2 protein chains.
Amino acid sequence: MDELDSAIVEHLQRDARQTNRELARKLGIAPSTCLERVRALRNRGVITGYHAAVDLRALNRPVQALLSVQVRPLSREVIEGFKTYAAGLPEVLSVFVVAGSEDFLVHVAVPDVDQLHSFLLDRFSKRREIVNFRSSVIYQHLSNPVTTPLGPAE
Amino acid sequence: MDELDSAIVEHLQRDARQTNRELARKLGIAPSTCLERVRALRNRGVITGYHAAVDLRALNRPVQALLSVQVRPLSREVIEGFKTYAAGLPEVLSVFVVAGSEDFLVHVAVPDVDQLHSFLLDRFSKRREIVNFRSSVIYQHLSNPVTTPLGPAE
DNA sequence: GTTGAAATAAGGCCACC
DNA sequence: GGTGGCCTTATTTCAAC
């Protein structure tokens with residue numbers, strides 16, 4: 001994981017579909033070298049995949065929310081069960097299992113606030129393990145396009 | 001945005017680097033047709049980009065946390081200012097601007113808990129607009145690989 | 001909007017440095 | 001580990017349906 005690897009990872013996070021030749025040109029190395037590096041990064045598991053990003057509004061899902069969920073009892077079975085259940089719902093973008101006063105944070109995207117309400121009533125309220133939940137509408141969500149390595153003493 | 005478009009978007013979310021020919025073959029259409037559809041989805045803004053996903057452990061950032069932040073006064077300037085500040089920090093993966101008791105949720109990834117502590121002290125404690133914050137370590141983070149369109153009455 | 005074929009460009013392998 | 005050349009394969013354009 002040297003400087004060249006970091007640069008490759010950064011460029012591919014910005015645009016995963018640029019050609020190998022273009023990437024090699026930007027980095028000032030031969031295309032075959034570049035290809036070898038990229039392949040090694042993939043095999044070592046540094047790059048885990050290539051994904052298209054989509055506009056949630058175009059998919060009729062402009063309303064986002066974060067749902068804090070508390071479950072009981074705090075057993076492995078209950079945690080795993082709810083986690084798997086939530087991650088499998090089509091409205092759910094991602095599930096955070098967290099320490100602290102809440103046990104889960106569930107990021108959802110739905111067509112409108114009515115369907116957010118319906119989602120909570122139909123998918124959450126009926127679950128017996130949920131002892132408490134709270135929903136926060138998301139006004140805005142900014143994602144950092146690139147994730148770079150951090151040193152021990154940044 | 002018909003069935004074919006949805007199928008293309010789903011496949012490209014799973015693997016953005018599959019060749020156009022392969023994608024066309026899976027969908028049972030001609031490569032040129034497929035290319036035209038993909039280009040249209042990109043131009044219409046349905047597909048916003050193609051990004052490589054990276055393993056945070058490989059980047060020496062295995063410790064993740066969600067930081068709830070409350071700022072005051074709740075003016076446009078303060079909100080915008082903190083949002084831009086947080087999004088620009090290298091430790092930050094994404095920033096949620098939320099309704100409810102907290103104003104922001106900041107998703108960070110750092111090398112270890114010591115650096116999480118340092119981050120809070122150096123980057124947050126000194127900001128005058130922050131009146132309260134709370135940090136929750138993330139035990140696990142599951143992301144739904146595909147985001148599909150949702151109908152008005154799912 | 002979709003297709004097939006032809007031209008252009010890229011990916012991938014191998015011998016060499 | 002990096003490079004340059006050759007062959008294979010894919011992307012892209014375009015005329016026709």
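Every chain is numbered from 1 and lettered A, B, ... according to where its sequence line falls, protein lines coming before strand lines. In this text the structure is predicted, and so the values were computed from the model without any measurement.
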### Summary
A:Glu36 atom CD is separated from C:dG11 atom P, nearest whole Å, by 14 Å
### Query
Donor-acceptor pair, A:Tyr85 side chain versus A:Arg123 backbone, under 3.5 Å?
yes
### Task
Indicate, with a heavy-atom threshold strictly under 4.0 Å, whether A:Arg17 touches base, sugar-phosphate, or nothing.
nothing
### Query
Rounded to whole angstroms, how far apart are CG on B:Leu35 and C1' on C:dA9?
14 Å
### Task
Report yes if a side-chain nitrogen or oxygen of A:Arg39 is closer than 4.0 Å to either non-bridging phosphate oxygen (OP1 or OP2) of C:dG11; otherwise report no.
no
### Residue whose nearest DNA chain D nucleotide is more 5′ - A:Asp2 or B:Glu22
A:Asp2
### Query
Does B:Arg42 use its side chain to pair, donor to acceptor, with the backbone of B:Thr48 at less than 3.5 Å?
yes
#### Entry: Nucleotide nearest B:Ser32 when distance is taken to its side chain, options D:dT3, D:dT13, D:dG2
D:dT13
### Query
Starting at CG of A:Asn20 and ending at C1' of D:dG2, how long is that distance when rounded to a whole Å?
14 Å
### Task
Describe the nucleic acid contact of B:Thr19 in one word from base, sugar-phosphate, nothing, applying a heavy-atom distance below 4.0 Å.
sugar-phosphate
### Message
Quick one: does any side-chain atom of B:Arg61 pair with a main-chain N or O of A:Leu150 as donor and acceptor, under 3.5 Å?
### Response
no
## Note on the structure
The nucleotide from C:dT3, C:dG11, D:dG2 with an atom nearest the side chain of A:Arg21 is C:dG11
### Query
So, do B:Phe82 and B:Phe124 have ring centers that fall under 6.0 Å from each other?
yes
### Query
Just to confirm, is there a sub-4.0 Å distance from OP1 or OP2 of D:dT3 to any side-chain nitrogen or oxygen of A:Thr33?
yes
### Query
Are OP1 or OP2 of D:dG1 and a side-chain N or O of A:Arg37 less than 4.0 angstrom apart?
no
